[in-house]
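What you are looking at is a predicted structure, and each value in this text was computed from that prediction instead of being measured.
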Amino acid sequence: MVFNVMNDGAIADGNTDNSKVFENVFNKACHSEGKNIVLIPQGTYMLRPIVLKGPCKGQVEFQIIGTLQAPTDKASTINVDHWITFQYIDQLILGGGGKLDGQGPSAWDDNTCSKDPNCKSLPISLRFDFVTNSKVTSLTSINSKNAHINLFGSKGIEFHYIHLIAPENSPNTDGIHIGSSSNIEITDSTIATGDDCVSMSPGSKNINIRNVRCGPGHGISVGSLGGGPNEEDVSGLTVTNCTFIGTQNGLRVKTWAKPYPGNVFDLTFEDIIMENVNNPIIIDQQYCPSRKCEKGDSQVQIHDVKYINIRGTSSSKLAVAFDCSKSKPCEKIELNDINLSYHGVEGPVASSCVNAKGIANGLQQPQSCI
C-alpha cells in the first residue's frame, strides 16, 4: 500500500505544521500488514518534533522526495533532544532522494555546551532508538541544530549514499553518532560538518565505514570514553577507503583521564587518504576539551589497533601521535605502510609515542616511534 501524506491533509508550504498528519499516516502504514510506503512528494513540509513508534505489523518505507523542514521557534528547539525520532521498528527503509533541513542557524547561537556542562540540549535531526535491520539511502540532511543522526540501542542499520552537511563552524553538528549499537554500515557517503563525521560512544560494536568522504569536521572518532562508570566496550570498527579533507583530526581515539575502566579493541583503519589534516593519526588518553581537567590516568585499555596504508598530507608537524595511559598503556598497535608528509615551516614530519606498544612494518613516514 502507498500512503501519500497529501491525501491526509499535508500542506507543503514550508509554514504549516504537518507533524500530526505525518504521525497519522505513519500509524496507518505501521498497522498494515505487508510492505507499506509513506510517500512525501515534492514540496517543503514543516514538521515540529515528532516520534514515530513501532513495532509495526509489516515493513514501512518512507519515500522522502520533498524537503522536511524543522521549526525555528524556541519551544521546539531549546531543551528538546530530537526533531524526527524512529523507535522500536524492524525493517524500516528511509530513502527517496529528498532533504531534511534542520534550520540550524536559528539555534547554533543558543549552544552553550563549550562553556556550560549543564547546557540545554538542542534537537538531533534524526534519531533511531531500538531500530533493527533497516536501511537509510539517498537522503541529504543539512544544517542540523545538533547532530544529524543518532543511533541508540539499534542493530543492523545500513546507511548508503547519504549527504550530511553543515558549516565548519557549526557547533556539535556530528554526522552520525553511534552508541550502544551494533552491526552498523556506513558507505558511499559525504559528511561535511562542524564536528565528528562519525563518532562512536560506549557500546558501539561491529561498525563498518567504507568509501566515506569526511571534511570539514573533526574526523572519525572513537570516544570520548571513560567519562563515567560502567561503560560498555567499543570493538570491531573497520574504516576503509575513506578520504579526509581539511579536518581537525583523521582517525582519532579519545578517552578521559578519569578512574573509570573500559576497553577499546579490534580497530582497523585501511586505505585512507589524508588531505591537509591536522592530526591524521591520534590516540588521546588525556582528552579534555575545556582544558580544565585534573591530571590523571585513563583506565580505558586500548589494544589491537591496525593502521594500514595511510597516506597523504598533514597540516601539522606531528602526523602520528599516541598519548596513551601510563597505567593502561596502548597494546598491540600496528603501523603498516604509513606515508604522511608535512610541508610547513616547523620542519620534517614527526611522530610521538607515550606509553604505546606495538610494531611497525613497511614504509614509515614519519619514522615510527613504536
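- Applying the 6.0 Å contact sphere to CG of Asp116 captures more than 12 heavy atoms from other residues, nucleotides or ligands.
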**OP:** Mind running side-chain contact (heavy atoms from CB on, under 4.5 Å) on Glu185 and Thr187 for me, showing each step along the way?
**Re:** CA-CA 6 Å; Glu185 188 167 286; Thr187 69; 3.6 Å; yes
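- Using modelled atom types and a 3.5 Å distance limit, the side chains of Asn278 and Ser315 yield a donor-acceptor pair.
- Ion pairing between Asp110 and Lys74 holds under the 4.0 Å rule for side-chain N and carboxylate O.
- Under a hydrophobic-cluster definition in which Ile, Leu, Val, Met, Phe, Trp and Tyr are linked whenever side-chain heavy atoms come within less than 4.5 Å, directly or via other members, Trp108 and Ile149 are assigned to different clusters.
- Atom CZ of residue Phe152 and atom CD1 of residue Ile124 lie 12.0 Å apart, to the nearest 0.5 angstrom.
- From Phe244, atom CZ reaches atom CD1 of Ile191 across 9.5 Å, with rounding to the nearest 0.5 Å.
- By the rule that hydrophobic residues join a cluster once side-chain heavy atoms approach within less than 4.5 Å of another member, Ile84 and Val80 end up as members of separate clusters.
- Between the Glu168 side chain and the Gly194 main chain, no donor and acceptor come within less than 3.5 Å of each other.
- Side-chain polar atoms of Ser141 and His148 form a donor-acceptor pair below 3.5 angstrom.
- Although no hydrogens or angles enter the test, the distance criterion places a donor-acceptor pair under 3.5 Å between the side chain of Ser134 and the main chain of Thr132.
- Residue His160 holds its NE2 atom at 8.5 Å from OG of Ser189, rounded to the nearest 0.5 Å.
- More than 12 heavy atoms of other residues, nucleotides or ligands lie within 6.0 Å of NZ in Lys317, so this atom counts as buried by the packing criterion.
- In this structure, CG on Asn143 lies 10.5 Å from CD on Gln69, to the nearest 0.5 angstrom.
- For the residue pair Ser298 and Thr255, a side-chain donor N or O sits within less than 3.5 Å of a side-chain acceptor on the partner.
- Not a single donor-acceptor pair under 3.5 Å links the side chain of Asn279 to the backbone N or O of Ile281.
- Between the Glu275 side chain and the Ser314 main chain, no donor and acceptor come within less than 3.5 Å of each other.
- Judged by distance alone, the side chains of His303 and Gln301 never bring a donor and an acceptor atom under 3.5 Å apart.
- With ring centers used as reference points, Phe86 lies under 6.0 Å from Phe62.
- With Ile207 as the partner, the side chain to side chain contact (heavy atoms under 4.5 Å, CB included) test is satisfied by one option alone out of Ile178, Ile220, Thr238: Ile178.
- A side-chain donor-acceptor contact under 3.5 Å links Trp256 and Ser224.
- Taking each heavy atom of Ile162 and Val136 in turn, the nearest pair found is CG2-O, 4.0 Å.
- Residues Asn309 and Asp337 bring no donor and acceptor atom of their side chains to less than 3.5 Å of each other.
- Ion pair Lys254/Asp323 not flagged as a salt bridge, since none of the NZ, NE, NH1 or NH2 atoms sits closer than 4.0 Å to an Asp/Glu carboxylate oxygen.
- Between the side chains of Asp17 and Ser19, at least one donor N or O lies within less than 3.5 Å of an accepting N or O.
- A salt bridge links Asp8 to Lys28: at least one charged side-chain nitrogen sits closer than 4.0 Å to a carboxylate oxygen.
- Using modelled atom types and a 3.5 Å distance limit, the side chains of Asn146 and Asn172 yield no donor-acceptor pair.
- A donor-acceptor contact shorter than 3.5 Å is absent between the side chain of Asn18 and the backbone of Tyr45.
- By the 4.0 Å N-to-carboxylate-O rule, Arg252 lies close enough to Asp196 to be salt-bridged with it.
- Not a single donor-acceptor pair under 3.5 Å links the side chain of Gln87 to the backbone N or O of Asp129.
- Ser125 approaches Trp83 most closely through the heavy-atom pair O-CB, 3.6 Å.
- Aromatic rings from Tyr88 and Phe128 are positioned such that their centres are separated by 6.0 Å or more.
- Salt-bridge annotation for Lys306 and Glu270: absent, with no side-chain N of the basic residue lying under 4.0 Å from a carboxylate O of the acidic one.
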Original post:
After noting the C-alpha distance and the side-chain angles of Val305 and Lys332, does the key distance pass the side-chain contact (heavy atoms from CB on, under 4.5 Å) rule?
Top reply: CA-CA 7 Å; Val305 184; Lys332 297 184 184 172; over 6 Å; no
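- Atoms CD1 and CD, from Ile370 and Glu334 in turn, are 9.5 Å apart once rounded to the nearest 0.5 Å.
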